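These notes concern the structure reproduced below.
From a predicted model like this one, the values you see are computed outputs, not experimental measurements. Ligands are counted one by one from 1 in listed order, and the atoms in each one are counted from 1 as well. Only heavy atoms go into these numbers, but all of them, side chains included; no hydrogens, no water, no symmetry mates.
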Amino acid sequence: SKRLKNLQICRPFVYGNMAVPLKEDRSPEIPTDHTHSWTVFLKGVNGDDLSSFVKRVVFKLHETYANSTRSIEEPPFEVTETGWGEFEISIRVYFVPEASEKNVVMYHHLKLHPYGPEAEQQKTNGATVTSMQYDEFVFNEPTESLFEILTKK
Ligand code: SLL
């Protein structure tokens, strides 16, 4: 559809991961060398639903994982796994066809281990580690269809 000139629409989002150390009562299905459970995610801010304009999010994990390319077609756009190591995850976002927008990719370093002044205490407590970043989708001269999608209440 037609593009709206001289217009820009932004939608904020956050992406990143949470991780917790596995406990003694871990499931027997979890490999013994795994130390953490983690979730990598992409989501709107303040509970905003991105799925009106995000068609799919593809998380590319380290190749040590089976089926390391994980395609998530509906919210929550996230992948939960267990493992032992940190690595870089690519997060590729595909928009709905009406948007006529190229996909975008972000890179996130999966964080499992606390660091900094609180690290020792956090390790002792088995605290949840979070690493996330704010960003925004910027749509320049959006199609009329995308504009409608993004502005309807
Ligand atoms: C490292 N360069 O050496 C990184 C690689 C890979 C982590 C970390 C695999 C789990 C599984 C897993 O945790 N891979 O599928 O068994 O630290």
Looking only at the aromatic ring of each residue, does the gap between the centers of Phe77 and Phe13 stay below 6.0 angstrom?
no
Between Asn140 and Arg3, the two heavy atoms sitting closest are O-NH1, 4.1 Å
Using the side chain to side chain donor-acceptor pair (under 3.5 Å) rule, collect all pairs that involve residues 74-85, keeping only residues at least two apart or in two chains.
His34-Thr82, Thr39-Thr80, Arg70-Glu81
With Pro75 as partner, the option from Leu50, Val54, Asp49 fulfilling side-chain contact (heavy atoms from CB on, under 4.5 Å) is Asp49
Set of residues that line ligand 1, where lining means a heavy atom lies under 4.0 Å from it:
His34, His62, Thr64, Tyr65, Gly83, Trp84, Gly85, Glu86, Phe87
Quick one: does any side-chain atom of Arg11 pair with a main-chain N or O of Leu150 as donor and acceptor, under 3.5 Å?
yes
With the threshold set at 4.0 Å, does a side-chain nitrogen-carboxylate oxygen contact exist between Lys2 and Glu148?
no
